[in-house]
Amino acid sequence: MDAARTITDDESAAAGTAAAAAGPGDEARVTPMMEQYIEIKTANPDCLLFYRMGDFYELFFDDAEVASRALGIMLTKRGKHLGRDIPMCGVPIERADEYLHRLIALGHRVAVCEQLEDPAQARKRGSKSVVRRDVVRLVTPGTLTEDSLLDAKRNNYLLALARSRVSAGEDRFALAWIDISTGEFHVAEADRAALAAAVARIEPGEIIVSDAVYADAELAPVLRALPALTPLGRDVFDGATAERRLAAFFGVATTASFGAFSRLELTAAAAAVTYVERTQIGKRPPLSAPARERAGATLAIDQATRGNLELIRTLSGERRGSLLAAIDRTVTAAGSRLLAQRLAAPLTDPAEIGHRLDAVAVFVDDPGLRNGVRSLLKASPDLLRALSRIVVGRGGPRDLAAIRDGIYAAAELAAKLAASPQLPRDLADAVGALRRPDAKLAEDLRAALADELPALRRDGGFVRPGYEAALDEARALRDESRRVIAALQVRYAEATGVRALKVRHNNVLGYFVDVSAQHGDKLLSAPHSATFIHRQTTAGQVRFTTTELGALEAKIATAAERALALELEIFERLAAAVAAASLALKQAANAVALLDVAGALAALAAERDYTRPLIDDSLAFAVSGGRHPVVEQALAAGGGGPFVANDCDLSPPARQAGGPPTDAGRIWLVTGPNMAGKSTFLRQNALIAVLAQMGGYVPARAAHIGVVDRLFSRVGAADDLARGHSTFMVEMVETAAILNQAGVRALVILDEIGRGTATYDGLSIAWATIEHLHEANRCRALFATHFHEMTALAAKLPRLHNATMRVKEWQGDVVFLHEVIAGAADRSYGIQVAKLAGLPASVIERAKVVLAQIEAEDRVSPARTLIDDLPLFSAATRAAPPPARDDPRDAVIAALAALTPDEMSPRDALEALYALKERLTKPGAV
Ligand code: ADP
Ligand code: MG
């Protein structure tokens with residue numbers, strides 16, 4: 001690899017070969033190049049330094065060792081430093097993106113150091129002078145702009161987290177997050193309890209915090225699990241200078257026009273832009289003004305719930321199989337990113353959700369418009385990322401073409417939409433935004449850009465012939481000289497009689513006359529030796545130059561250089577025009593994304609028969625004919641049976657018409673054997689809430705949802721000792737979080753909580769958890785369990801509803817109907833399920849005998865005694881909000897429904913009767 005590098009002579013000398021050749025007394029001498037290297041490296045100690053030398057980025061010392069290991073590239077040596085070999089490895093510039101990508105993915109940061117002048121300029125200052133170099137950019141996980149380093153379908157956020165101590169033990173946090181590749185910039189506040197969920201929703205590529213926050217042991221559990229956490233000095237998080245820094249970044253006198261921010265929010269926002277400036281070395285990406293998000297504006301979903309519901313990716317980390325993958329029908333990268341954003345942060349304001357749904361409805365109702373808009377969208381490029389690259393000086397000719405095509409596509413979309421009458425708010429706004437970019441800019445780009453475009457500016461050839469006379473002239477000169485060289489070859493071959501004589505070109509010799517060794521002598525002797533000047537003899541070839549060839553070469557080089565310089569000038573001019581139009585272009589691009597999302601959700605609704613949900617401020621949760629959006633599609637794709645739709649009603653019982661929504665929601669306790677569809681049912685209802693509040697149609701016949709403010713979903717798990725930790729502990733920590741945080745507007749999904757421990761422990765925990773949800777949290781909840789003893793709780797808890805999965809027994813086998821019906825499972829069918837799974841017949845038979853025995857013994861002490869003997873949840877009831885003003889008759893009816901007379905002893909039955917009667921006469925009694 002080394003031999004292929006074209007390093008100019010002065011550079012390789014400076015790099016240490018001179019030092020190596022020097023006497024032992026000079027060992028401690030530091031070469032001028034090493035001096036420069038060390039100075040730049042010292043200024044960027046936490047980065048791997050990519051030091052540009054000719055066509056390579058070189059890494060030295062420890063950096064070289066780290067990078068060669070990480071990238072699997074060869075580690076070599078170059079000269080000595082203080083008597084020791086200098087380890088070195090290199091990355092060719094044309095493959096730099098690929099290597100950068102791998103280093104960033106491994107959590108490294110890279111400082112890219114470029115040559116800031118031509119080596120020839122350096123030589124003019126003296127033979128020992130080193131080419132001027134400096135770092136032009138820090139590449140970190142949260143500040144990427146290249147398509148090759150980014151996922152087109154996802155945002156890549158840099159998150160700044162600022163903290164202030166309100167009082168001892170009470171912290172406030174502000175979050176500011178920026179995607180420099182698209183210009184998005186958001187700010188929000190959060191308290192300690194909401195912090196983890198807020199960070200989980202943003203899913204930042206990189207987080208910056210102050211040294212103090214970084215060192216805070218209390219925050220460590222939240223922060224340390226996150227990728228790329230960078231601590232920064234106090235100056236970056238200084239509240240006193242925050243507003244000034246933010247205003248300076250945007251070139252405004254005051255940030256007042258951005259809206260009212262708290263000092264803490266300004267601190268976080270200023271830290272984020274300061275970091276952007278530091279990494280982009282003064283280049284300012286086209287950021288939008290920070291948009292403040294009201295606390296509570298989005299549905300809070302913590303990390304465990306996101307993972308559990310597989311919203312954005314599955315538990316194994318893949319996009320495939322997630323809700324996002326199942327619903328994504330977008331056709332543009334920007335649309336795909338917006339859809340992921342909306343899914344990650346559903347709204348809580350029914351009016352805002354309504355606006356989004358109105359836009360979807362237009363496209364559901366008018367398939368012709370939907371198809372027309374979507375086919376135009378397909379031709380619409382990723383404007384935002386092209387724009388960002390152009391503004392920070394990393395754009396290429398194809399980015400200019402993307403701007404050109406984006407402007408035309410926006411105008412066509414606007415025209416198409418404007419033709420339909422009565423657009424709802426969001427679509428009307430989008431039409432306005434689509435019309436904002438200046439058509440003249442697109443015209444100018446169209447006139448300037450060639451049909452075929454190279455990836456890089458420095459490749460040249462991207463300006464259309466005829467666009468600029470001076471360029472055409474330089475190109476003609478360059479091309480004409482090339483023709484003259486071809487003619488020269490013919491002339492020389494004739495003059496010398498060597499028919500195989502060729503004029504060739506390489507980077508070392510430039511143009512040269514090339515003949516095979518057998519003809520070499522002929523050209524080396526008179527009369528030809530007067531014309532042909534010997535340059536080189538290789539194994540089979542002899543090479544010459546001529547005065548004429550030298551002159552032509554200089555002319556070609558000058559013309560080509562001039563042509564390229566002119567092209568680069570034109571590029572800069574066009575890039576400046578694009579940058580000046582940033583705001584309009586961004587607005588149009590956002591409108592494109594919005595249209596794409598609305599069209600895609602409508603396409604999904606049409607394809608899969610989704611309906612528009614009714615969303616309001618109530619505590620209703622009534623889904624009829626609900627389906628699981630992912631399982632349904634999987635069944636359809638796999639040729640499985642149809643998905644069985646199910647109803648779910650968690651709305652508060654006996655709501656007073658027109659009264660304030662102070663009542664509490666229902667809890668459904670879902671029992672049924674394994675594989676009956678309990679988990680699927682639970683999750684589908686959570687997903688329907690998420691889809692509805694993100695502004696999408698839902699997989700149901702009808703859905704009425706009173707906005708949910710927090711969503712929790714947990715699954716009980718068996719102990720995973722192989723991984724060295726108790727998942728039961730995790731399960732309990734997560735359950736604790738729910739019981740402590742869920743308010744009346746929450747929706748809680750608990751799936752087999754208590755499974756991870758011994759039966760009676762597990763049952764007790766599940767039991768007490770239900771009581772707490774019912775009495776203290778008072779939220780809407782779905783609870784699946786295989787402890788069918790718990791169904792007895794419905795006798796005591798008026799808002800608890802027993803539901804079970806219908807199964808059919810057929811010739812000793814169990815058939816799952818996947819249908820949710822009212823009532824309680826009386827058996828777990830564990831043995832039948834084991835039989836389905838293929839356990840040996842002898843084991844099945846033996847298990848039946850054991851079960852019969854245990855059931856006979858257990859009859860004397862069923863859970864029913866529990867319900868009568870234990871005072872219900874006395875400790876928590878005291879702390880709980882005032883009891884529900886429910887109609888006692890509802891509770892009695894529910895309790896009655898939960899009784900299973902066939903299984904009760906006469907004594908049990910009598911006691912149950914007393915309990916019912918007492919409930920009717922003393923409604924408050926428990
Ligand atoms: P459980 O939690 O009761 O053990 P799951 O919810 O895991 O059961 O469901 C088991 C399997 O049954 C699922 O993988 C799915 O393929 C199928 N299933 C569940 N619900 C339905 C349904 N409503 N319609 C059709 N198939 C279903
Ligand atoms: Mg399950």
Side-chain angles (χ1 to χ4, degrees), residues 304-305 307-310 314-316 320-323 326 608-610 623-649 668-688 698-701 703 712-718 720 727-728 731 734-735 748-756 762-763 766 769 781-788 790-791 802-809 813-838:
T305 301
N308 197 233
L309 293 176
E310 308 194 304
T314 62
L315 286 170
S316 55
R320 237 187 99 185
S322 66
L323 177 63
R608 305 230 60 96
D609 196 19
Y610 285 13
V623 173
S624 58
R627 283 122 51 202
H628 191 296
V630 183
V631 175
E632 176 185 42
Q633 285 187 38
L635 283 179
F643 190 90
V644 180
N646 279 306
D647 300 348
C648 177
D649 192 355
W668 273 29
L669 184 70
V670 186
T671 47
N674 270 323
M675 289 302 287
K678 299 184 297 301
S679 301
T680 308
F681 177 67
L682 261 57
R683 281 181 180 68
Q684 84 189 23
N685 286 297
L687 297 181
I688 285 170
V698 296
R701 217 169 39 246
F712 294 97
S713 174
R714 295 295 185 279
V715 202
D720 183 1
T727 48
F728 176 65
E731 177 188 328
E734 291 178 357
T735 307
V748 172
I749 306 293
L750 289 172
D751 192 355
E752 310 248 19
I753 287 302
R755 186 166 59 174
L763 173 58
T769 300
L782 281 157
F783 195 108
T785 184
H786 64 283
F787 298 124
H788 40 89
M790 285 178 56
T791 55
N802 281 327
T804 187
M805 308 301 304
R806 241 181 96 200
V807 287
K808 208 163 65 186
E809 257 185 292
D813 283 341
V814 47
V815 180
F816 301 121
L817 300 175
H818 304 304
E819 199 182 316
V820 181
I821 51 169
D826 47 350
R827 309 174 43 195
S828 57
Y829 295 96
I831 296 178
Q832 282 85 344
V833 174
K835 186 176 167 200
L836 280 183

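Fair warning: this is a prediction, and the values are worked out from it, not measured in the lab. First listed ligand is number 1; within each ligand, the first listed atom is number 1. All residue numbers refer to positions in the sequence shown, counting from 1.
Between the side chain of Asp751 and the backbone N or O of Arg714 there is no donor-acceptor pair closer than 3.5 Å. Here the side chain of Glu310 pairs a donor or acceptor atom with the backbone of Leu315 at under 3.5 angstrom. Here the side chain of Thr804 pairs no donor or acceptor atom with the backbone of Ile821 at under 3.5 angstrom. Formation of a donor-acceptor pair under 3.5 Å by the Lys678 side chain with backbone atoms of Gly672 is found in this model. Side-chain N or O atoms of Glu632 include none that pairs as donor or acceptor with a backbone N or O of Arg627 at under 3.5 Å.
If you look at Ala784 next to ligand 1, there are no close heavy atoms at all, none under 4.0 Å.
Between the side chains of Asn802 and Thr791, no donor N or O sits under 3.5 Å from an acceptor N or O.
The protein atom (non-hydrogen) at minimum distance from atom 15 (C) of ligand 1 is Val631 CG1, 4.2 Å. Counting protein heavy atoms only, atom 17 (C) of ligand 1 is closest to His818 CE1, 3.5 Å. Regarding atom 11 (C) of ligand 1, its nearest protein heavy-atom neighbour is Met675 CE, 4.0 Å. Looking only at heavy atoms of the protein, atom 19 (C) of ligand 1 is closest to Thr680 OG1, 3.4 Å.
For a distance threshold of 2.8 Å, the protein N, O or S atoms nearer than that to the Mg ion (ligand 2), listed by chain and number, are Ser679 OG.
Within the model, atoms CG of Asn308 and OG of Ser679 stand 9.0 Å from one another, a figure rounded to the nearest 0.5 Å. Atoms CZ and NE2, on Phe681 and His818 in that order, are 14.0 Å from each other to the nearest 0.5 Å. A distance of 10.5 Å separates CD of Gln633 from CG of Leu635, quoted to the nearest 0.5 Å.
When each atom of ligand 1 is checked for a heavy atom of Ser679 under 4.0 Å away, the hits are 1 (P), 2 (O), 6 (O). Applying the 4.0 Å criterion to heavy atoms of Pro673 picks out, from ligand 1, the atoms 3 (O). Counting the atoms of ligand 1 from 1 in the order shown, those under 4.0 Å from a heavy atom of Leu635 are 25 (C), 26 (N). Near Ala676, meaning under 4.0 Å from one of its heavy atoms, ligand 1 places the atoms 1 (P), 3 (O), 8 (O).
With sequence neighbours left out, Arg806 forms a side chain to side chain donor-acceptor pair (under 3.5 Å) with Glu819.
A tilted orientation is assigned to the rings of Phe643 and His628, their planes being inclined by 30° to 60°.
For the pair Ser322/Val630, no side-chain contact is recorded, criterion being any heavy-atom separation below 4.5 Å from C-beta on.
Residue-to-ligand polar distances place Gly677 within reach of ligand 1: an N/O pair is separated by less than 3.5 Å. The shortest N/O to N/O separation between Phe681 and ligand 1 does not fall below 3.5 Å.
Within a 4.0 Å radius of atom 3 (O) of ligand 1, the protein has at least one heavy atom.
Scanning Asn646, Val644, Asn674, Val670 for the heavy atom closest to atom 24 (N) of ligand 1 points to Val644.
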